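These notes concern the structure reproduced below.
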Amino acid sequence: MIPIVSSRNRELHRVIAGIMNNIRVRFAPSPTGYLHVGGARTALYNWLFARHMGGVLILRIEDTDVDRSKPELTTAILESLEWLGLNWDEGPIYQSQRLDRYHAMALSLQSSGHAYPCFCTPEELQSKRAKAEAERRPWKYDGTCRALSHADRDRLLAEGRPAAVRFRIPDSGKTSFEDQVFGHIEVEHRDLEDFVLLRSDGHPTYHLGVVADDIDLRVTHVVRGADHISNTPKQILMYQALEAPIPVFAHLPLILGPDKQRLSKRHGATSVGAYREQGVLPQALVNFLALLGWTPPGQKEIVTIEEMIRDFDLGAVSKSNAVFDLEKLAWMNSEYIRHLSPEQLLPLVERELAGAGLPVRDPGMGVQEEERFKQIVLLLQSRARTIQDYAGPFRAFFNDEFAYEPGAVKKFWKDGSIASLLEALAERMAAANPFDLAGTEAALRTLAEEKGVKAGLLINASRVALTGQAVAPSLFEVIVVLGQDRVVARLRRAADHLRSVPDNSTSPAA
RNA sequence: GGCGCUAUCGUCUAGGGGUUAGGACGUCAGAUUCUCAAUCUGAAAACCCGGGUUCGAUUCCCGGUAGCGCUACCA
């Protein structure tokens with residue numbers, strides 16, 4: 001008997017397995033900044049893993065740093081996630097609302113002897129650290145308060161001395177784990193220091209927050225940036241002290257700038273929101289980010305979200321950091337724009353134009369204008385790198401007020417006869433009937449022949465007159481789409497402009 | 001400094017004990033043409049260095065180097 005397992009069946013089995021295994025992952029941004037592309041990729045990989053496995057994605061907001069966390073940033077992060085299409089199944093859960101829980105855990109760790117109060121002040125520690133550094137000695141918390149007797153401890157507590165709570169690292173031995181991406185990792189306990197769990201102001205540190213939450217939320221797989229590899233052994237020790245099951249860890253290589261330094265503002269835009277504003281499509285950004293550290297099977301690079309979900313595999317994630325290549329993103333974005341249906345593209349362009357003060361929709365807009373608008377958008381579709389191009393280089397297609405681009409003027413308006421040629425062409429265009437591709441082309445070529453100039457000269461000069469740009473679609477397509485009245489007017493205006501500034505200076509037309 | 005991790009074209013990467021080391025972005029050239037983009041064709045472009053294991057290492061091991069990360073009462 002031949003077992004028949006359709007791909008659909010396999011899909012189903014995987015989802016069932018995911019549910020049975022109770023696969024639970026989380027994305028835990030800190031609202032101390034906007035969602036940056038690195039965070040977005042972490043979110044994406046968590047999301048893909050959850051969807052692939054039929055598991056659950058939890059969103060948690062790590063807002064324990066009261067000074068740096070801002071509620072409006074949480075809102076912005078949520079918006080960015082939604083824009084990218086990364087939905088979550090549980091949460092958002094706010095750490096700031098779980099303070100009691102962290103206190104309880106810190107207490108339990110203390111009563112089991114895995115943690116202790118530390119009365120050292122930040123200033124004391126700071127100076128000890130500075131001294132060690134000056135003497136070029138490696139610094140690690142020296143354990144002053146670890147050695148305190150019960151009596152001393154109680155006395156200091158009774159005095160009301162502010163105390164942090166530190167985790168007690170075992171004196172010897174080592175901790176290791178099998179990272180799903182990096183493989184076996186281990187560190188000696190002697191290289192770890194007794195880190196702070198609870199600040200003296202009662203707020204938990206990152207370590208306590210994550211572990212407490214991941215335990216309570218029954219997180220099975222921790223997928224996060226590689227900058228947390230070094231933190232993992234400490235956290236595993238906490239799981240053990242708490243007698244909680246240890247999740248599977250998978251660390252993701254970092255995203256770097258072109259100079260191979262960690263991506264930061266000085267490399268330009270780093271936030272998801274900034275790319276959105278720059279006219280990048282969410283699908284393109286998701287696709288690009290997915291490929292930064294992971295390669296789907298096959299050689300295809302433009303992959304649908306369904307294919308990503310189907311093929312995603314933590315084990316296939318790269319171990320080395322990746323440079324964020326804006327050029328490739330731009331290419332991918334143009335690729336996605338090109339494949340948008342008119343129904344998808346039109347509203348995006350309208351939004352962009354409106355944002356740039358070039359509204360297309362006025363109350364008196366007729367069906368014909370509506371159709372013309374659509375034709376223009378589609379004509380330009382294959383040349384758009386971002387949606388923003390519509391309000392930038394393509395401006396002349398949507399508004400009569402545009403400037404003649406200096407480079408274009410220099411390149412195509414240098415011939416002295418241009419003004420009169422454009423003037424003559426205006427007349428022919430006014431007379432062209434029918435005003436279509438063939439009709440206008442014939443009119444132009446006839447004129448060129450009569451004047452004894454190459455058609456190309458007239459075509460290129462006209463393109464500048466009609467669009468202000470040296471670069472635009474095929475001239476006759478532009479002519480048809482702009483319409484007879486505009487074409488005639490713009491040709492005349494260009495001729496006038498040339499006559500008024502014989503030196504071909506590049507002052508704006510309007 | 002200590003500890004950890006990483007190392008294939010400029011960039012993202014595939015591959016893997018014996019390959020013409022594959023793809024993509026970018027670059028360059030050609031085709032096309034009415035400019036540019038797109039498209040098509042072609043080209044240049046990489047296994048960090050040194051040892052070891054092996055008949056044979058880019059691949060496995062060790063060392064070096066470089067880069068990154070952690071080394072906070074940040075996350």
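Below, each value reflects all heavy atoms present in this structure, side chains not excepted, and no hydrogens, waters or symmetry copies. Lettering of chains follows the sequences in order, A, B, ..., and the numbering in each one begins at 1. In this text, all values refer to a predicted model and were calculated from it rather than measured experimentally.
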Using the P atom on both, measure B:U33 against B:C25 and round to a whole Å. 25 Å

Between CD1 of A:Ile418 and P of B:U35 the distance, given in whole Å, is 15 Å

Taking only side-chain N and O atoms of A:Ser318, does any of them lie within less than 4.0 angstrom of OP1 or OP2 on B:C12? no

Please state the C1' separation for the pair B:A45 and B:C28 - nearest whole angstrom. 11 Å

Considering every strand shown, what is the Watson-Crick or G-U wobble mate of B:U54 when both distances are under 3.5 Å? none

Quick check: on RNA chain B, is the nucleotide nearest A:Ala384 upstream (toward 5') of the one nearest A:Arg41, or the reverse? Name the residue that is more 5'. A:Arg41

Please determine, by modelled atom types, if A:Arg129 and A:Gln126 share a side-chain donor-acceptor pair under 3.5 angstrom. yes

In whole Å, what separates the P atom of B:C73 from that of B:U65? 31 Å

Is it true that the side chains of A:Ser417 and A:Lys451 contain a donor and an acceptor less than 3.5 Å apart? no

How many whole angstroms separate atom NE2 of A:His228 from atom C1' of B:C5? 15 Å

Nearest to the A:Arg129 side chain among B:C73, B:G4, B:U35, which nucleotide is it? B:C73

Establish, with yes or no, whether the OP1 or OP2 oxygen of B:U11 is under 4.0 angstrom from a side-chain nitrogen or oxygen of A:Lys260. yes

Over all strands shown, is A:Ser334 touching base, sugar-phosphate only, or nothing at heavy-atom distances under 4.0 angstrom? nothing

Between B:C34, B:A14, B:C25, which one does the side chain of A:Arg445 approach most closely? B:C34

Among B:U35, B:C34, B:C3, the one nearest A:Val187 by side-chain distance: B:C3

For a quick check under 3.5 Å, do A:Asp259 and A:His267 share a side-chain donor-acceptor pair by atom type? yes

By the 4.0 Å heavy-atom rule, please label A:Leu254 as base, sugar-phosphate, or nothing. sugar-phosphate

Judged by each residue's nearest nucleotide on RNA chain B, which is more toward the 5′ side, A:Ala316 or A:Arg463? A:Ala316

Among side-chain atoms of A:Asn333 and A:Tyr275, is any donor-acceptor pair under 3.5 angstrom? no

Could you check A:Asp171 against A:Arg146 for salt bridge (Lys or Arg N to Asp or Glu O under 4.0 Å), going step by step and ending with a plain yes or no? CA-CA 12 Å; A:Asp171 297 314; A:Arg146 167 198 262 249; 2.9 Å; yes

Applying a 4.0 Å non-hydrogen cut-off, can you work out what A:Ser474 is touching in the nucleic acid: base, sugar-phosphate, or nothing? base

In terms of side-chain heavy atoms of A:Ile185, which of B:U8, B:U35, B:G4 is nearest? B:G4

What is the distance from CG of A:Asp259 to P of B:G67, rounded to the nearest Å? 12 Å

For A:Glu193, report the nucleic acid contact type (base, sugar-phosphate, nothing); a contact means any heavy atom under 4.0 Å. sugar-phosphate

Rounded distance in Å between the C1' positions of B:C9 and B:G22: 12 Å

What nucleic acid atoms does A:Gln261 come within less than 4.0 Å of, heavy atoms only: base, sugar-phosphate, or nothing? sugar-phosphate

Partner of B:C47 by Watson-Crick or G-U wobble geometry, both contacts under 3.5 Å, or none? none

What does A:Gly293 touch in the nucleic acid at a heavy-atom separation under 4.0 angstrom: a base, only the sugar-phosphate, or nothing? sugar-phosphate

Considering only heavy side-chain atoms of A:Asp227, the closest of B:C73, B:G69, B:U35 is B:G69

A:Phe324/A:His36 aromatic ring centres below 6.0 Å: no

Identify which nucleotide among B:G69, B:G2, B:C34 has an atom closest to any side-chain atom of A:Asp191, counting heavy atoms from C-beta outward. B:G2

Side chain of A:Val196, heavy atoms from C-beta onward: which of B:G67, B:C73, B:G1 has the nearest atom to it? B:C73

Salt-bridge criterion met for A:Arg26 and A:Asp213 (N-O under 4.0 Å): no

Side chain of A:Phe182, heavy atoms from C-beta onward: which of B:C5, B:C34, B:C12 has the nearest atom to it? B:C5

What does A:Ala470 touch in the nucleic acid at a heavy-atom separation under 4.0 angstrom: a base, only the sugar-phosphate, or nothing? base

Tell which nucleotide pairs with B:C73, taking only Watson-Crick or G-U wobble pairs whose two distances are both under 3.5 angstrom. none

Give A:Pro473 one of three labels, base, sugar-phosphate or nothing, depending on what nucleic acid heavy atoms sit under 4.0 Å from its own. base

Give one of base, sugar-phosphate or nothing for A:Phe476, where a contact means two heavy atoms less than 4.0 Å apart. base

Nearest-nucleotide pick for A:Asn231, side chain only, options being B:C70, B:C34, B:U11: B:C70

Tell me, with the steps shown, if A:Arg385 and A:Glu327 meet salt bridge (Lys or Arg N to Asp or Glu O under 4.0 Å). CA-CA 10 Å; A:Arg385 295 275 275 180; A:Glu327 279 301 318; 3.4 Å; yes

Tell which nucleotide pairs with B:U35, taking only Watson-Crick or G-U wobble pairs whose two distances are both under 3.5 angstrom. none

Counting any heavy atom closer than 4.0 Å, what does A:Ser30 reach on the DNA or RNA strands: base, sugar-phosphate only, or nothing? sugar-phosphate

What is the separation between atom NE2 on A:His184 and atom P on B:U6, rounded to the nearest whole Å? 12 Å

Phosphate OP1/OP2 of B:C70 contacted by A:Arg262 side-chain N/O (<4.0 Å): yes

Rounding to a whole Å, what distance do you find between A:Arg137:CZ and B:C3:P? 16 Å

Going by modelled atom types, is there a donor-acceptor pair between the base of B:C73 and the side chain of A:Thr205 at under 3.5 Å? no

Starting at CG of A:Asn287 and ending at P of B:U13, how long is that distance when rounded to a whole Å? 14 Å

Checking N1-N3 plus N6-O4 or O6-N4 for Watson-Crick, or N1-O2 and O6-N3 for wobble, each under 3.5 Å, the partner of B:G30 is B:C40

Counter-base of B:U20, judged by Watson-Crick or G-U geometry with both distances under 3.5 Å: none

Got a second to check how far A:Lys70's NZ is from A:Asp65's CG, nearest 0.5 Å? 9.5 Å

Report the distance from atom CD of A:Gln126 to atom C1' of B:A72, rounded to the nearest whole Å. 8 Å

Of the nucleotides B:U6, B:C68, B:C34, which has the atom closest to the A:Lys319 side chain? B:U6

Using Watson-Crick or G-U wobble geometry with both distances below 3.5 Å, tell me the partner of B:G10, or none. B:C25

Pick base, sugar-phosphate or nothing for A:Cys120, based on heavy-atom distances below 4.0 Å to the nucleic acid. base

Is A:Arg166 close enough to B:C73 that one of its side-chain N or O atoms is under 4.0 Å from OP1 or OP2 there? yes

Rounded distance in Å between the P positions of B:A75 and B:G4: 25 Å

Under 3.5 Å, N/O pairs linking protein and nucleotides 21-24 of chain B:
| from | atom 1 | to | atom 2 | distance (Å) |
| --- | --- | --- | --- | --- |
| B:G23 | N2 | A:Glu301 | OE2 | 3.0 |
| B:A24 | O2' | A:Glu301 | OE1 | 2.8 |
| B:A24 | O2' | A:Lys328 | NZ | 3.4 |
| B:A24 | N3 | A:Lys328 | NZ | 3.2 |

Work out how far the P atom of B:C60 is from that of B:U6, and round it to whole angstrom. 12 Å

Kindly say whether the aromatic ring centers of A:Phe312 and A:Tyr45 come within a distance under 6.0 Å. yes

